[in-house]
Amino acid sequence: MTPDTTAPLPPQYVPADHEPALYRWWLDHGCFAADATSGRAPYVIMMPPPNVTAHLHMGHGLNNAVQDALIRFERMRGREALWLPGTDHAGIATQTVVERLLAKEGKTRHDLGREAFVERVWEFVGQTGATILRQLETIGASADWSRTYFTLDPGPARAVREAFVRLHEKGLIYRGLRMINWDPVALTALSDEEVEMHETEGKLWHLRYPLEHGGHLVVATTRPETMLGDTGIAVHPEDDRYRHLVGTRVRLPLVDRLIPIVADAAIDPAFGTGAVKVTPAHDATDHEIGQRHGLPVLEVMAPDATMTDAVPMPFRGLDRFTAREKVVAEFAELGLLEKVVPHKHAVGRSYRSNAVVEPRLSEQWFVRMRPLAEPALEAYRSGRLRFIPERRGEEFERWLVNIRDWCISRQLWWGHRIPVWYADDGRHVASREDLATLPDGTPLRQDEDVLDTWFSSGLVPFSALGWPDRTPDLAVFHPGHVLVTGPDIIFFWVARMVMLGLEFTGELPFTTVYLNGIVRDPKHRKMSKSAGNGIDPLEVVPRFGADALRYTMISAMAAGTDVILDPNDLDTSFAPGRNFANKLWNAGRFILANLDGPVRPIAGRAAGVVRREELTVHDRWLIARCDAVVREVGESYAKFRLNEAATGAYHFLWSDLADWYIEAVKPRLYGEAPGGDVARAVLVRCFDTALRLLHPVMPFLTETLWKRLPGRDADATISRARWPEPDPRATDDAALRAFALVQELVTAVRGIRAEYGVAPGQAVAVTVAPASAAAEAAFRDEALTIRRLAKVSAVAVGEAAHQEGGHAVLTDGTAIVVPLGDLIDREKECLRLGAECERLRQLVAAQEGKLANEQFTSRAPAAVVDKEREKLASWREQLGVLEANRGALGC
RNA sequence: GGGCGAAUAGCUCAGCCGGUCCAGAGCGCCUGCCUUACACGCAGGAUGUCGGGGGUUCGAAUCCCUCUUCGCCCACCA
């Protein structure tokens with residue numbers, strides 16, 4: 001389908017009339033497809049695969065808007081741009097969601113069985129995955145959908161097995177009984193990163209443990225229920241309070257078990273009572289202490305965090321928190337509860353189920369991280385890998401320095417099943433599918449567990465391109481360039497990609513990590529569906545348009561800073577984008593409506609090219625401004641300062657082009673002044689440039705308008721148009737200065753008009769006393785502009801001081817007066833001029849002081865001093881003119 | 001307990017490897033305009049001890065120290 005480029009344009013931009021059709025047109029014309037055979041320098045961005053658990057929210061909107069802006073920018077710059085999209089199977093998250101759905105039907109996954117359950121999850125992700133991709137389309141994502149991957153598809157799955165096997169063969173993957181983080185709701189092990197620490201106002205219970213031979217010892221604990229599993233007491237070896245007790249025993253209350261008191265240097269004598277109960281089965285530190293002293297490991301808590309049969313009857317089967325209360329109550333009853341003190345401490349919770357994580361001794365698979373971390377650290381420290389903003393790199397570094405082994409097995413059904421097979425005797429015999437039977441034909445049993453989702457995500461920069469095969473895509477599009485993601489997954493994902501990429505491909509998967517901010521509500525809470533403060537992009541796009549959404553977000557976000565949006569006031573939140581989109585639309589509408597016939601080129605050797613002599617001052621000014629903006633915006637994009645790029649183009653379009661140039665040029669377009677064809681040429685050329693500069697941020701609107709500019713054939717697309725480059729020939733300081741004076745003059749007259757309440761329709765006269773020949777020429781050349789924009793009947797050159805009227809002085813010292821007859825109140829005018837003189841006097845005095853200071857003139861750079869001298873001269877000039885005026889008026 | 005960041009107009013924020021900032025934007029506010037592109041607009045305007053204090057410097061929103069208030073990350077003190 002080809003968007004209709006001939007239909008009349010309505011005065012208000014209605015995004016829904018253009019965006020969906022245009023997106024389809026882009027797809028049909030292969031605008032986003034990357035070509036591995038083009039030979040052009042590739043530019044690759046790996047899309048952080050959204051979880052298939054739910055629909056996208058504003059955070060995704062922001063993240064993908066940034067990526068799309070970067071990829072479109074590089075595509076226009078001629079790179080073979082590939083934005084590789086995908087979705088993540090999100091093991092634990094997805095399984096949790098589907099289990100909740102099942103729970104509503106009164107079922108558990110065990111009712112279905114593994115195979116049927118997984119089948120069910122596939123159904124679910126088929127729906128959400130499709131929805132997510134459609135959402136990305138609605139915001140204009142120029143991803144190469146032909147290469148879309150899903151982390152559980154056969155390709156990535158093969159990569160996962162290959163990676164596992166290689167790490168295993170290298171001795172970097174091992175299985176072992178370790179203290180791990182256990183989620184008692186999801187019933188699975190978690191990695192350290194998957195545990196979120198929350199500061200909690202808890203309690204520290206001081207419990208008396210009777211000594212075997214009389215008296216008692218007090219221990220402090222935040223988890224009294226674990227005392228049922230105590231197998232020792234530890235004190236610091238140097239602690240004089242307890243030194244004599246080391247080697248003796250206490251009788252554990254409620255359980256009636258004799259346990260030894262041991263000395264261990266890990267104990268901090270200053271904390272609590274200096275005596276620590278040791279529960280080797282349910283605490284990491286305690287486990288180490290227990291090992292050092294040969295204390296038994298007694299499991300008192302089951303995987304679901306209920307108390308096991310290893311505890312005495314009243315506690316057996318109780319939930320851990322019920323057991324806690326009961327233990328405390330019993331201690332109180334027995335007079336063994338010394339005291340309870342408030343205690344703030346960090347409690348770990350599962351990032352998916354939010355359950356309080358329980359340390360648990362468990363047999364799991366681990367990746368030995370130290371050897372993988374070293375090359376990653378080297379890459380960062382050598383500067384080959386950089387972060388924006390930079391300080392995020394320090395977090396990355398610190399994490400790698402303190403890295404610990406990664407628990408990668410999960411007791412889930414949804415995910416990549418661990419590629420390990422066992423014989424019946426429990427021997428682990430193989431890690432390759434083709435060896436899934438023993439030589440004698442006995443079938444082997446595959447490990448029941450699945451891998452941490454992040455194991456497969458960590459491979460996507462190459463697994464999505466066909467690795468381990470040496471595909472053409474892999475050869476061309478790996479390694480990639482920029483990764484754009486949120487700071488919350490630096491460790492989960494970014495670090496793993498870096499380490500695994502270096503390990504398996506020998507290359508960094510990207511060289512720049514751009515961390516975008518987080519979308520928050522006005523109370524600075526992170527937006528989320530569960531908190532009820534989310535904004536749905538699918539609600540915003542139909543109302544304001546994808547371009548408005550994108551512009552609003554990008555312009556509001558300096559690198560790495562958060563974006564605040566009010567979900568209760570979308571009109572205000574998205575006003576900047578909405579208003580600007582409409583402005584752009586109307587500027588385009590105006591320009592297109594005022595074109596008749598072919599438009600002459602303004603540069604090059606083609607026939608009919610506009611000669612420099614044909615250009616007016618405002619023509620030259622706009623061209624020079626445009627060139628400056630091309631320079632600034634290009635640099636801003638290249639430096640990832642997207643907010644500066646967006647707002648820079650915004651001000652050029654709105655202020656320079658629309659407010660000044662279009663207004664100045666109307667008489668020529670309407671045939672009331674000569675040079676209409678030249679005006680059209682300048683207008684089209686600069687508007688075209690502005691559209692290109694804005695295209696990465698506002699793809700739909702810019703394409704819609706650009707297609708209608710003269711000389712475009714049906715298949716032309718701005719998405720692959722050449723990015724504007726600065727043109728040295730466009731530099732024109734004289735024109736910039738001249739038109740700036742005209743602008744000053746117009747603004748001054750408007751100010752005087754408003755000050756004296758001149759009716760909007762009433763023209764006034766103005767007399768100017770130009771401070772230089774250049775100023776005089778500018779006012780003469782732009783007389784029509786001045787007359788139109790300031791509603792002036794005639795611009796007279798002459799002595800201004802003695803005239804009655806509103807006075808002003810421009811920065812170059814040009815005096816102006818607007819005679820206003822009866823409207824002028826001499827007293828008021830004297831006051832105005834007096835105040836202005838006073839302001840200038842102060843500036844001049846301060847500046848004179850500065851320049852009289854020898855320290856300044858001798859130490860500051862000459863350029864700075866010159867600049868300050870110029871300022872002083874300008875202020876003196878202005879002051880002199882104004883004072884002369886006051887004198888002449890008899891103030 | 002360590003480490004880091006932020007505090008600039010009523011609101012949301014730019015600027016911050018010192019002078020081009022006599023401090024900017026958007027939104028909001030005030031005044032006047034439906035001027036044949038746009039009232040999602042045009043023109044004009046008001047509003048800031050650049051968190052407090054100290055220091056370095058000829059010169060500081062910008063660098064250093066300190067305090068206050070908010071965030072974030074890391075951490076096995078039970």
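Just so you know, these numbers use all the heavy atoms, side chains as well, and skip hydrogens, waters and symmetry mates. Below, chain A is the first sequence line, B the second, and so on; all start at residue 1.
Here C40(B) presents its P atom at 17 Å from CE of M698(A), a figure rounded to the nearest Å. Rounded to an integer number of Å, the gap from N643(A) CG to G26(B) P is 14 Å. C11(B) atom P lies 19 Å from atom CZ of R520(A), rounded to whole Å. The distance between atom CD of E672(A) and atom C1' of U35(B), rounded to the nearest whole Å, is 13 Å. Between the CH2 atom of W585(A) and the P atom of G41(B) there is a distance of 16 Å, rounded to whole Å. Following rounding to the nearest Å, E196(A) (CD) and C73(B) (P) show an atom-to-atom distance of 8 Å. Distance, Q847(A) CD to U20(B) C1': 12 Å, rounded to whole Å. Between the C1' atom of A7(B) and the CG atom of D562(A) lies a distance of 15 Å, rounded to the nearest Å.
Taking atom P in both U20(B) and G59(B), the straight-line distance is 15 Å, to the nearest Å. When the P atom is used for both C70(B) and G54(B), the distance is 24 Å, rounded to whole Å. Comparing C29(B) with G48(B), their C1' atoms sit 16 Å apart, to the nearest whole Å. Comparing C34(B) with G19(B), their P atoms sit 46 Å apart, to the nearest whole Å. Rounded to a whole angstrom, the distance from the C1' atom of G53(B) to that of U69(B) is 15 Å. When the P atom is used for both G3(B) and C13(B), the distance is 27 Å, rounded to whole Å. A distance of about 15 Å separates the C1' atoms of U56(B) and U66(B), rounded to the whole Å. Taking atom C1' in both C63(B) and G1(B), the straight-line distance is 29 Å, to the nearest Å.
Among the protein residues, N402(A) comes within range of no part of the nucleic acid, since none of its heavy atoms lies under 4.0 Å from any strand. In this structure, F491(A) reaches the sugar-phosphate backbone alone: every heavy-atom distance under 4.0 Å involves primed, P, OP1 or OP2 atoms, never a base. Within 4.0 Å (heavy atoms only), I564(A) reaches sugar-phosphate atoms of the nucleic acid but no base atom. Counting non-hydrogen atoms under 4.0 angstrom, A860(A) reaches a base of the nucleic acid. Note on W654(A): only backbone sugar-phosphate atoms sit closer than 4.0 angstrom, heavy atoms only; bases stay farther off. Within 4.0 Å (heavy atoms only), T572(A) reaches sugar-phosphate atoms of the nucleic acid but no base atom. At the heavy-atom level, H287(A) lies nowhere under 4.0 Å from the strands shown. Within 4.0 Å (heavy atoms only), R839(A) reaches at least one base atom of the nucleic acid.
For E663(A) and A37(B), a side-chain-to-base donor-acceptor distance below 3.5 Å is present, hydrogens and geometry of angles not being considered. Counting atom types as modelled, Q12(A) pairs a side-chain N or O with a base atom of C40(B) as donor and acceptor under 3.5 Å. Side-chain atoms of R589(A) and base atoms of C38(B) include no donor and acceptor less than 3.5 Å apart.
Within the cation-pi definition used here (under 6.0 Å to the ring centroid, within 45° of the axis), K583(A) does not qualify as a partner of Y650(A).
Within a 6.0 Å radius of CD in E199(A), other residues, nucleotides and ligands contribute more than 12 heavy atoms.
Of the candidate nucleotides G19(B), A75(B), C77(B), C77(B) has the atom lying nearest to any side-chain atom of F271(A). Counting only heavy atoms from C-beta on, R404(A) has its side chain closest to C76(B) among C16(B), C76(B), U20(B). When the nucleotides G26(B), C77(B), G3(B) are ranked by their closest atom to the side chain of R398(A), G3(B) comes out on top. Side-chain proximity of V276(A) to A78(B), A37(B), G44(B): nearest is A78(B).
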Evaluate the side chain to side chain donor-acceptor pair (under 3.5 Å) criterion for residues T279(A) and D230(A): first the C-alpha distance (whole Å), next the side-chain angles of each, then the deciding distance (0.1 Å), finally the verdict. CA-CA 4 Å; T279(A) 321; D230(A) 285 357; 2.7 Å; yes
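Mapping T747(A) and Y670(A) onto RNA chain B by nearest heavy atom places Y670(A) at the nucleotide closer to the 5' end.
Here G41(B) sits opposite C33(B) as a Watson-Crick or G-U wobble pair (both hydrogen-bonding atom distances under 3.5 Å).
With R869(A) contributing its side chain and L851(A) its backbone, the two residues share no donor-acceptor pair below 3.5 Å.
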